[in-house]
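For this chain, numbers begin at 1 and follow the sequence in order.
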Amino acid sequence: FVFFMLLLVLGNNYLVMFVGWEGVGLCSYLLIGFWYKNTDYNNAARKAFVMNRIGDLGFLLGVILMFITYGSISYNEVFSNAGTASTAVVTTIALLLFVGAMGKSAQIPLYTWLPDAMAGPTPVSALIHAATMVTAGIYMVTRSNVFYSISEVAAQTVAIIGVTTALFAATIGLLQNDIKKILAYST
């Protein structure tokens, strides 16, 4: 697990970040399905897997468009040439990357996997999901801030989705009885 998180954070290009991104997602899937004899936990693991793959597809398409546009996926080259592409292309790249973050960070509409993900063992579940999975999406958007600073539409979309998710999750969290689900909605 630590290896994948280090790849995600320490890589110098989007491909290495994506490998770490997928590794963290795999660890999450395996953790949620830890008690594999329980059908509810298996269903929760599948739900997390599908929701994260939807987000991962957006992330991957953003990286592919980035490579087509800039000829590289290295942070240095992409960020130094970010302003050379049209605003529409930069907006598309930023929004596709944000779809990846929505899946990993459980943002609307890809938020439903996180409360079910609490099926895993509590201490590890809190570590992987609250401290890592949710943070991975935020890290990726922050790391890609050049695109969001160029595209006002993408920056506003991130803000609107973030605020909406926070308010929606807080409202749902108020009505929960399970402490693990309350913690999930609070992240």
Side-chain angles (χ1 to χ4, degrees), residues 1-28 48-114 128-170 186-187:
F1 169 73
V2 173
F3 172 74
F4 292 121
M5 196 60 198
L6 286 173
L7 273 180
L8 186 122
V9 175
L10 296 177
N12 69 346
N13 63 57
Y14 281 95
L15 180 61
V16 175
M17 180 191 280
F18 188 74
V19 171
W21 184 272
E22 287 299 311
V24 169
L26 174 65
C27 291
S28 169
F49 183 82
V50 169
M51 291 293 193
N52 276 277
R53 293 305 71 80
I54 292 168
D56 294 347
L57 178 62
F59 185 0
L60 190 58
L61 290 174
V63 172
I64 290 169
L65 181 57
M66 192 183 307
F67 182 76
I68 290 168
T69 304
Y70 301 112
S72 175
I73 54 173
S74 170
Y75 296 142
N76 290 338
E77 292 180 35
V78 170
F79 296 158
S80 64
N81 296 317
T84 61
S86 71
T87 305
V89 171
V90 172
T91 299
T92 305
I93 290 171
L95 290 175
L96 286 170
L97 292 176
F98 185 59
V99 169
M102 286 191 300
K104 226 27 126 203
S105 296
Q107 300 287 312
I108 288 176
L110 301 176
Y111 72 94
T112 58
W113 69 268
L114 187 58
I128 288 184
H129 296 114
T132 306
M133 291 285 284
V134 174
T135 308
I138 296 166
Y139 171 78
M140 189 267 293
V141 169
T142 303
R143 182 76 173 154
S144 306
N145 70 358
V146 171
F147 300 120
Y148 298 97
S149 64
I150 293 172
S151 171
E152 188 175 321
V153 171
Q156 288 177 353
T157 302
V158 170
I160 290 167
I161 296 288
V163 167
T164 305
T165 300
L167 292 174
F168 187 69
S186 73
T187 59

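Looking at heavy atoms from C-beta onward, R143 lies in side-chain contact with M17 at the 4.5 angstrom threshold. By the 4.5 Å heavy-atom criterion applied to side chains, F98 and I161 are counted as neighbours. The closest side-chain heavy-atom distance from K104 to F59 is not below 4.5 Å. Inter-residue side-chain proximity for F18 and V63 is flagged as unmet; no heavy-atom pair is nearer than 4.5 Å.
Among residues at least two apart or in separate chains, side-chain hydrogen bond (donor to acceptor under 3.5 Å, both in side chains) pairs with a member in residues 66-75 are S72-E77. Counting only residues at least two apart or on different chains, the side-chain hydrogen bond (donor to acceptor under 3.5 Å, both in side chains) pairs with a member in residues 13-27 are Y14-S144, W21-D56, E22-R53. Within the structure, side-chain hydrogen bond (donor to acceptor under 3.5 Å, both in side chains) contacts touching residues 160-170 (residues at least two apart or in different chains) are Q107-T165.
Shown here for W113 and N52, the closest heavy-atom pair between the two residues is CE2-ND2, 3.7 Å. In this structure, A101 and V141 approach most closely via the heavy-atom pair CB-CG2, 3.6 Å. For Y111 against A106, the heavy-atom pair with the smallest separation is CB-O, 3.2 Å. Of all non-hydrogen atoms in V153 and T157, the two that sit nearest each other are O-OG1, 2.7 Å. Looking at every heavy atom in both residues, F147 comes nearest to A94 through CB-CB, 3.9 Å.
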message = Determine whether I108 and M102 satisfy the following criterion, side chain to side chain contact (heavy atoms under 4.5 Å, CB included), listing intermediate values before the conclusion.
response = CA-CA 7 Å; I108 288 176; M102 286 191 300; over 6 Å; no
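Within a 6.0 Å sphere centred on CZ of F79, other residues, nucleotides and ligands contribute more than 12 heavy atoms.
Taking CG of L15 as the reference point, atom CG of L60 lies at 9.5 Å (rounded to 0.5 Å). The CD1 atom of I68 lies 12.0 Å from the CD1 atom of I73; values are rounded to the nearest 0.5 Å. Separation of atoms CG (L96) and CG (L61) is listed at 6.0 Å; rounding is to 0.5 Å.
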Solution key, residues 84-93 side-chain donor-acceptor pairs under 3.5 Å, sequence neighbours excluded:
from : atom 1 : to   : atom 2 : distance (Å)
T84  : OG1    : N81  : O      : 2.6
S86  : OG     : V89  : N      : 3.3
T91  : OG1    : T87  : O      : 2.7
T91  : OG1    : S151 : OG     : 2.6
T92  : OG1    : A88  : O      : 2.8

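The ring-ring contact (aromatic ring centres under 6.0 Å, His included) check on F67 picks up nothing, with sequence neighbours excluded. Listed by chain and residue number, M5, Y139 satisfy the side chain to side chain contact (heavy atoms under 4.5 Å, CB included) test with V9 (two or more places apart in sequence, or in another chain).
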